[in-house]
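Note that the structure is a prediction, hence the values are computed from the model and not measured.
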Amino acid sequence: MRWSRSLIATLRDDPQEAEIVSHKLMVRAGLIRKLSGGLYTFMPLGLRALHKVSQIIREEMDRAGAQEILMPALQPAELWERSGRLATMGPGMFRLKDRAERLMALGPTHEEVVTELLAGEVNSYRQLPCTVYQIQTKFRDEIRPRFGLMRAKEFIMKDAYSFDTSLEAADASYQAMYDAYVRIFTRCGLDARPVEADTGDIGGKWSHEFMVLADSGEDGIVDCPACGYAANQERAERAAAGGSLPGGCPLEAAAIPAATTTCAPLAEVATPGARTIDDLVAFFTCGADRFIKTLIYLVDGKPVAALVPGNRDLNEHKFKRLLGAKKVELADEATIQKVTGAPVGFAGPVGLKIPTYADQGLKGASDFITGANKADTHLIHVDLARDTSVTAFEDLIVVRAGDACPRCGKVLQLKRGIEVGHVFKLGTKYTESFEAKYLNDKGQSELMVMGCYGIGVTRTLQAVIEQSHDANGIIWPVSVAPFAVTLLLLDPKDPTVCAVVDTLEKALQEQGVDVLVDDREERPGVKFKDADLIGCPIRVVAGAKGLAKGGVEIKLRTSKDFDLVPVEHAADTLTALIRKLTASLNT
RNA sequence: CGGAGCGUAGCGCAGCCUGGUAGCGCGUUUGGUUCGGGACCAAAAGGUCGAGGGUUCAACUCCCUCCGCUCCGACCA
């Protein structure tokens, strides 16, 4: 491709719309242009890179035995009613009506469509296992589209679905996809690591997310350097603290650790206006860990209390899973008033008449401070065992750096990551709704066991840039680069140089090498800057000066120095170099 | 949905407080000098100042409403 004839426009300034580096670079290098919030056009350069990612995914899916299909993005809402997700996906789904007033949805994902499809196509165990996939545009009415392609309203996703005869067989399908994912991200030049994850609204029992480590990532990742345990913060567990609880009432500075003494009797303290932990820390002049926070939740509409240490946060995902609930939300003021008999800010576990779950770290908790269920009042010397009736002690809080690993007990770290892929074991959640059954070898009808597997294709592309760039621009891995080679024609008016470039371009094209020829009437400096910005892995400079010295200059985006290569050897040198670069990414 | 900020030429921004001829840099076009890491000189094109309403002799500027974009939050008692 000739630059002078293409729609490649680079920008000198960072776009005002972008916050994170990969987003800025995508716009500056002319890969994408914004239409509106969360909606982007792929420009020629961006689309080429996107196709490279798609093709890698396609090859690895095919290798893993999955078959490519293409399902409609426009779907009847009735399908979603059958699975019950019309309600749970709620406002996240784009809905519209056709001219017959039938409610339709723009597919945010395809479990319903594919299960309906396979329920019709598969009759016998002989047809199983079966894994299908598609690469397609998805639509989600995101609360807050962000960071360019990272969280968009319309994006491209690879979604795959496996169907098996048994849980064990489904495990094998899951493993095949898991392995394929590892290969895909490796081939994309990404350092992506699998972590245990929550399953969310999609349902199912178990899942792994593939995370690209990046400070700009939207997810927290808990990670144990000692044993390799890694989990999304939403799911991450921690080992029980085991008797190392801080006890002692801060009003009695010399208090003996609670475990070895009996707790003083309950006492009320007037705490006017002290509603938050911060207020209380100031009031009692002690650490937040001396308090027990009492959170009143509505769990599927019923009030439930959760007790967590004052310095910790409740993990709603864990709480929801623990209770097997569909919906967990903080109770409104009226409910809190009704349940506790006090305004918001003074709830406590003593005397509460609703189910009360406490974090496992509070087991044996003695001599803590809690709300008194009475306006402007807190209780001191609270002993959970003596003074309250806790329904159960469970792991309820958001794990953070410094907590103990649930596997080995060593100290956990916290990092941030971009979720580029997610693999789920769904079980029979959807096959039940759609009666997706087959006949087994004894002629009996059984439900198929499902798995589903997603990769955010557009997000993966941006994650590559987020992870691979420098101050001058993008550094593409050869596998996803829009062009393997940028060939800079430094003297477009010099017929000799032009002839060399023409010949080299042709030779490369014949060998299947993607080459972008910068034939613009620009000064060399502009071309060098732009070549760095768009970040193709190999730069070839053809100029009168170089030719006089014996050839063209070949330089990697990642290195400072170039090699002067005679023109007649240039094409071979380049193809060998590309082979080497590609090989370094293959598993 | 709550909070904050922003909307002026293709892009990045100033002007607004204190109302009175719409500006700068980049980019674009033309001519010239340049030519190996974002050149220089000269000329030119390009804007109903997000939209609507109000105040005023006069509104980019002040007031109101709406729309769009970006960021933070949407759970901490």
Report, as a single string ordered 5' to 3', how protein heavy atoms within less than 4.0 Å touch nucleotides 25-30 of chain B: B base, S sugar-phosphate only, - not at all.
BSS---

Counting primed atoms, P, OP1 and OP2 as sugar-phosphate and everything else as base, the B/S/- map of nucleotides 70-77 of chain B against protein heavy atoms under 4.0 Å is SBB-BBBB

Searching all strands shown, indicate the nucleotide that pairs with [N] (Watson-Crick or G-U wobble; both distances under 3.5 Å).
N: B:C11; result: B:G25
N: B:C69; result: B:G5
N: B:C40; result: B:G32
N: B:A45; result: none
N: B:C16; result: none
N: B:A59; result: none

Might you point out which heavy atoms bring A:D359 and A:I397 nearest each other, and give the distance in Å?
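Nearest pair, atom of A:D359 first, then A:I397: OD1-N, 3.5 Å.
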
Quick check: closest heavy atoms across A:P406 and A:L412, and the distance to 0.1 Å?
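Distance-wise, the nearest heavy atoms are CD-CD1, 4.3 Å.
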
Could you check whether [Y] and [X], counting side-chain N and O atoms only, form a donor-acceptor pair closer than 3.5 Å?
X: A:Q462; Y: A:S22; result: yes
X: A:S366; Y: A:D383; result: yes
X: A:E466; Y: A:H469; result: no

I need the A:T340 OG1 to A:F346 CZ distance, nearest 0.5 Å.
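Interatomic distance, A:T340 OG1 to A:F346 CZ, rounded to 0.5 Å: 10.5 Å.
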
Atom C1', compared across B:G47 and B:G27: separation rounded to whole Å
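Straight-line distance between the two C1' atoms is 16 Å.
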
When rounded to the nearest Å, what value does the distance between C1' atoms of B:G10 and B:C76 take?
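Approximately 48 Å lies between the C1' atom of B:G10 and that of B:C76.
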
So, A:K555 and A:D561, do they make that salt bridge, N to O below 4.0 Å?
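The answer is no: the pair does not qualify as a salt bridge.
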
Under 3.5 Å, which N/O atoms of the protein pair with N/O atoms of nucleotides 31-34 of chain B?
residue: B:U34; atom: O2; partner: A:R523; partner atom: NH1; Å: 2.6

Residues that A:Y40 engages under ring-ring contact (aromatic ring centres under 6.0 Å, His included), provided they are two or more places apart
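With sequence neighbours excluded, A:Y40 shows a ring-ring contact (aromatic ring centres under 6.0 Å, His included) to A:H23, given in chain and number order.
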
Nearest to the side chain of A:V526 - B:G38, B:C11, B:G36?
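It is B:G38.
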
The side chain of A:P524 lies closest to which of these nucleotides: B:G37, B:G38, B:G36?
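Nearest listed nucleotide: B:G36.
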
Could you tell me how far apart [X] ([atom1]) and [N] ([atom2]) are, to the nearest whole angstrom?
X: A:E329; N: B:C1; atom1: CD; atom2: P; value: 18 Å
X: A:K24; N: B:G12; atom1: NZ; atom2: P; value: 13 Å
X: A:D561; N: B:G37; atom1: CG; atom2: C1'; value: 15 Å
X: A:K527; N: B:G37; atom1: NZ; atom2: P; value: 13 Å
X: A:L564; N: B:G36; atom1: CG; atom2: P; value: 17 Å
X: A:L11; N: B:C11; atom1: CG; atom2: C1'; value: 5 Å
X: A:D530; N: B:G36; atom1: CG; atom2: C1'; value: 15 Å

At under 4.0 Å, does any side-chain N or O of A:K529 touch on OP1 or OP2 of B:G37?
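No, A:K529 has no side-chain N/O under 4.0 Å of OP1/OP2 on B:G37.
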
A:E505 and A:R2: salt bridge (Lys or Arg N to Asp or Glu O under 4.0 Å), yes or no, with the steps?
CA-CA 10 Å; A:E505 182 188 22; A:R2 295 271 162 157; 2.7 Å; yes

Contact list for residues 546-567 of chain A, test ring-ring contact (aromatic ring centres under 6.0 Å, His included), sequence neighbours left out:
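For residues 546-567 of chain A: none.
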
Given the structure, check if the side chain of A:D14 and the base of B:G12 hold any donor-acceptor pair shorter than 3.5 Å.
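For A:D14, whose side chain was compared with the base of B:G12, there is no donor-acceptor pair (under 3.5 Å).
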
Stepwise side-chain contact (heavy atoms from CB on, under 4.5 Å) check, A:R235 with A:H317
CA-CA 7 Å; A:R235 160 171 269 273; A:H317 299 277; over 6 Å; no

Going by the rule side chain to side chain donor-acceptor pair (under 3.5 Å), which residues pair with A:R312 if we only count those two or more places apart in sequence or in a different chain?
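Counting only residues at least two positions away or on another chain, A:R312 forms a side chain to side chain donor-acceptor pair (under 3.5 Å) with A:D403.
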
